[in-house]
Amino acid sequence: MRWLGLGLGHEGDGGSDGWVFRRALLAYLLLWSGIWLSGYRFLDDRGRSLWGMLGWEDNGRPLTTLVMRLLTRDGQLLDVTPLPQLLAIGLMALTLVIVRRQLQAPARWSWLACALPLFATPLFIENMAFRFDAFSMSLAMLGAMLAAGALWSPRAYLGIGIAAGWLLAVFMLYQPAVNIFLAMCCLQGALAARQSGPARLWHDLWRALSALVLGLLLYYPVMQHFLPEAGYSAHHAERFELAALPGGAWQNLLLAWQKALGWLHPGALVALGLLLGMVLVGALGGATWRRRWPVLLCLVLSPIALFGLMLALVNPIWQPRAFVGLGGVVACWALLAWHLRPGELWRRLAGTVAGAYCATVLLQAWLFGSLAGELQRHEEWLLRDIADRVNTQYLQNGRDRLVVEGNWVWPPVAERIRPLDPLMRTLLPRGLQEGDYWNEPALDLRGLFEEVVVTTPQASPPGAVEALLHQSRYYRLWWDGEQLVLSLQG
């Protein structure tokens with residue numbers, strides 16, 4: 001089955017595959033346990049839980065819609081949390097088994113620690129937080145890995161065709177996952193050129209570029225068919241004109257790395273610096289210059305995989321969920337450090353540094369899970385209190401539709417933690433906000449309904465005491481003429 005991308009030179013023995021799968025599964029279960037146990041409905045999850053909607057095809061992801069139809073009944077999406085997240089974790093472990101086969105690596109703890117960052121990245125926290133999207137996003141990353149492996153088929157054109165087919169599936173599942181393909185091509189190209197010389201690097205590069213171009217050509221009519229002409233998806237799909245592409249892509253690359261590094265834990269930055277240093281030492285030692293420069297070239301090219309094809313977009317999504325390429329880049333560096341030098345002590349050192357990086361990811365993932373649980377409890381308590389008072393007004397006045405103004409007040413624990421961690425400031429949803437799209441499902445889930453009005457109500461209730469129904473540190477409920485106004489105090 002090499003032609004499918006399952007291995008470079010051999011299929012690997014089942015014992016080693018099982019060893020890697022079991023330990024990777026346990027590691028990822030532990031890493032993401034704070035999220036899949038929190039039960040928090042993150043942004044889109046509110047609408048999907050409430051209305052059972054699919055709709056991923058409007059984002060150019062029709063294969064995700066098709067896959068998620070397995071969790072529907074009568075066309076309605078079922079909330080079977082945390083099953084999709086647990087299935088995603090299983091796919092992560094399976095992906096590492098395939099990576100080991102492709103690289104013909106032994107089943108060792110030090111190697112596994114270097115491979116774990118493929119999914120163990122703090123920016124993947126947001127992907128795992130989406131209870132309905134986590135499975136398809138992990139499936140897309142598995143497809144990207146299979147595409148990279150398919151390029152090593154002895155029959156070049158067959159390998160390119162198979163890789164392009166996998167990439168088409170990746171695009172239709174989750175477009176940013178194609179950056180994993182780019183990172184793994186850098187890794188495999190560097191290791192192959194180290195063994196066979198620079199001619200092998202050019203051979204691998206033209207295969208990778210051919211597969212990528214063919215995959216894009218196959219995906220283009222799909223995107224044209226499903227992507228709406230206006231709205232959120234169309235706005236973020238706008239591309240630079242050819243003349244503006246080099247400058248725009250360069251600015252996007254700089255901004256992408258600025259954002260990614262700003263979201264990382266300080267300990268993770270130290271670990272990345274050490275891994276880069278180890279790759280340089282490994283690349284420059286024990287080989288002629290003819291075998292060194294291809295490794296250095298792949299190392300220079302690898303940062304592009306952070307954002308990849310999205311560098312060509314005028315308005316890319318600058319959210320952590322779009323940065324899945326970071327996992328590919330870090331895994332590329334860590335595995336390069338491990339493979340470039342054969343010494344056991346060196347490899348243990350690489351595994352230790354990669355493990356320290358993963359420990360910082362564990363810290364941030366559990367922190368997010370803890371804060372998400374805190375937000376869930378705070379929302380439930382506060383909206384239950386609001387619902388009781390609104391229902392009273394409904395019984396007395398026949399109106400239960402709210403006009404929301406102001407912003408949600410953070411619970412005390414989140415208010416204290418958010419300033420300390422830039423990633424938490426970015427990831428944690430605010431809850432209710434004036435004019436926010438996600439107010440409707442958040443309120444609907446509690447039997448409340450938001451009324452959309454053109455004019456903003458007064459910032460404070462009128463002087464008549466009877467207009468003010470309730471006031472606390474979190475919200476005020478009052479009448480503005482015929483409108484029942486929920487005035488948030490954040």
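A quick note: this is a predicted structure, and the numbers were derived from the prediction, not measured.
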Evaluate Trp111 against His339 for side chain to side chain donor-acceptor pair (under 3.5 Å), listing each step before the verdict. CA-CA 9 Å; Trp111 183 90; His339 281 274; 3.2 Å; yes

Any chance you could lay out the side chain to side chain contact (heavy atoms under 4.5 Å, CB included) test for Ile125 and Trp366, step after step, and finish with the verdict? CA-CA 10 Å; Ile125 291 174; Trp366 280 10; over 6 Å; no

Quick one: do Val222 and Met172 satisfy side chain to side chain contact (heavy atoms under 4.5 Å, CB included)? Show the steps, please. CA-CA 8 Å; Val222 177; Met172 293 193 296; 3.8 Å; yes

Would you sort out whether Phe171 and Leu216 count as a side chain to side chain contact (heavy atoms under 4.5 Å, CB included), showing the intermediate values? CA-CA 8 Å; Phe171 285 126; Leu216 282 170; 3.5 Å; yes

One pair to check against side chain to side chain contact (heavy atoms under 4.5 Å, CB included): Val361 and Leu116. What are the steps and the verdict? CA-CA 11 Å; Val361 179; Leu116 283 174; over 6 Å; no

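The pair Glu374-Arg377 meets the salt-bridge criterion, with a side-chain N (NZ, NE, NH1 or NH2) lying under 4.0 Å from an Asp/Glu carboxylate O. Of the charged side-chain nitrogens involved, at least one lies within less than 4.0 Å of a carboxylate oxygen, so that Asp79 and Arg131 count as a salt-bridged pair. A salt bridge does not link Asp17 with Arg22: every distance from a Lys NZ or Arg NE/NH1/NH2 to an Asp or Glu carboxylate oxygen is 4.0 Å or more. Salt-bridge check for Asp204 with Arg200: passed, with a basic side-chain N closer than 4.0 Å to an acidic carboxylate O.
Side-chain contact annotation: Asn59 with Ser233, donor-acceptor N/O pair under 3.5 Å present. The closest side-chain donor-acceptor pair between Tyr40 and Glu379 falls under 3.5 angstrom.
Taking the side chain as every heavy atom from C-beta outward, Pro122 and Tyr357 approach each other to under 4.5 Å. Contact of the Pro106 side chain with the Ser16 side chain is not registered, since no non-hydrogen atoms from C-beta on lie closer than 4.5 Å. Within the 4.5 Å cutoff, side-chain heavy atoms of Leu299 are placed close to those of Leu280. For the pair Phe135 and Leu83, the minimum side-chain heavy-atom distance is 4.5 Å or more. When side chains are defined from C-beta on, Val281 does not count as touching Leu340, because their heavy atoms never get closer than 4.5 Å. For the pair Leu29/Leu86, a side-chain contact is recorded, criterion being any heavy-atom separation below 4.5 Å from C-beta on. For the pair Leu182 and Phe307, the minimum side-chain heavy-atom distance is 4.5 Å or more. Within the 4.5 Å cutoff, side-chain heavy atoms of Val99 are placed close to those of Met145.
With a 6.0 Å radius and a threshold of 12 heavy atoms from other residues, nucleotides or ligands, Leu242 has its CG atom at or below the threshold. For CD of Glu344, the number of neighbouring non-hydrogen atoms (other residues, nucleotides, ligands) closer than 6.0 Å is greater than 12. Under a cut-off of 6.0 angstrom, the local environment of CH2 in Trp250 is sparse, with at most 12 non-hydrogen atoms contributed by other residues, nucleotides or ligands. Within a 6.0 Å sphere centred on CZ of Arg425, other residues, nucleotides and ligands contribute more than 12 heavy atoms. For Leu345, the CG atom is loosely surrounded, since the number of other residues' heavy atoms within 6.0 Å does not exceed 12.
Between the side chain of Ser370 and the main chain of Leu367, no donor-acceptor pair closer than 3.5 Å is present. His236 places a side-chain N or O within donor-acceptor distance of the main-chain N or O of Asn315, the cut-off being under 3.5 Å. No donor-acceptor pair under 3.5 Å is formed between the side chain of Arg23 and the backbone N or O of Ala93. In this structure, Arg194 contributes its side chain and Val295 its backbone to no donor-acceptor pair below 3.5 Å. Proximity of a side-chain donor or acceptor of Ser138 to a complementary backbone N or O of Ala134 within less than 3.5 Å is detected. Panel note: side chain Gln85, backbone Met128; a donor-acceptor pair is recorded below 3.5 Å. With Arg347 contributing its side chain and Arg341 its backbone, the two residues share a donor-acceptor pair below 3.5 Å. The main-chain N or O of Gly60 is found under 3.5 Å from a side-chain atom of Tyr219 such that the two form a donor-acceptor pair. Judged by distance alone, with hydrogens and angles left aside, the side-chain atoms of Trp36 form no donor-acceptor pair with the main-chain N or O of Ile89 at under 3.5 Å.
Shortest non-hydrogen contact noted between Pro320 and Leu423 is CG-CD1, 4.0 Å. The two atoms that bring Glu57 and Thr65 nearest to each other are OE1-OG1, 2.7 Å, heavy atoms only. Across all their heavy atoms, Ala193 and Leu201 have their closest contact at CB-CB, 3.9 Å. The heavy-atom pair separating Phe42 from Ala129 by the smallest distance is CB-O, 3.6 Å. When all heavy atoms of Cys298 and Gly189 are compared, the pair lying nearest together is SG-C, 4.1 Å. When all heavy atoms of Ala177 and Ala140 are compared, the closest pair comes out as CB-CB, 3.6 Å.
Note that OG1 of Thr95 and CD1 of Ile180 are 9.5 Å apart. Values are rounded to the nearest 0.5 Å. Expressed to the nearest 0.5 Å, how far CE of Met223 lies from CG of Leu218 amounts to 12.5 Å. Here the CG-CZ distance, from Leu309 to Phe181, works out to 10.0 Å after rounding to the nearest 0.5 Å. Atoms CD and OG, from Gln376 and Ser38 in turn, are 7.5 Å apart once rounded to the nearest 0.5 Å. For the atom pair Leu173 CG and Leu139 CG, the distance stands at 5.0 Å (nearest 0.5 Å). Atom CZ of Arg418 is separated from atom OG1 of Thr426 by 9.0 Å, given to the nearest 0.5 angstrom.
Using bins of under 30°, 30° to 60° and over 60° for the plane-to-plane angle, the ring pair Trp202/Trp293 lands in the tilted bin.
Taking the six-membered ring for Trp and the full ring otherwise, Trp263 and Phe323 have centroids separated by under 6.0 Å. Aromatic rings of Trp56 and Phe226 (six-membered ring for Trp) have centroids beyond the 6.0 Å cut-off, not under it. Aromatic pair Trp338/Trp333: ring centres not closer than 6.0 Å.
Of the candidates Leu306, Leu255, Asn252, Leu311 forms a side-chain contact (heavy atoms from CB on, under 4.5 Å) with just one, namely Asn252.
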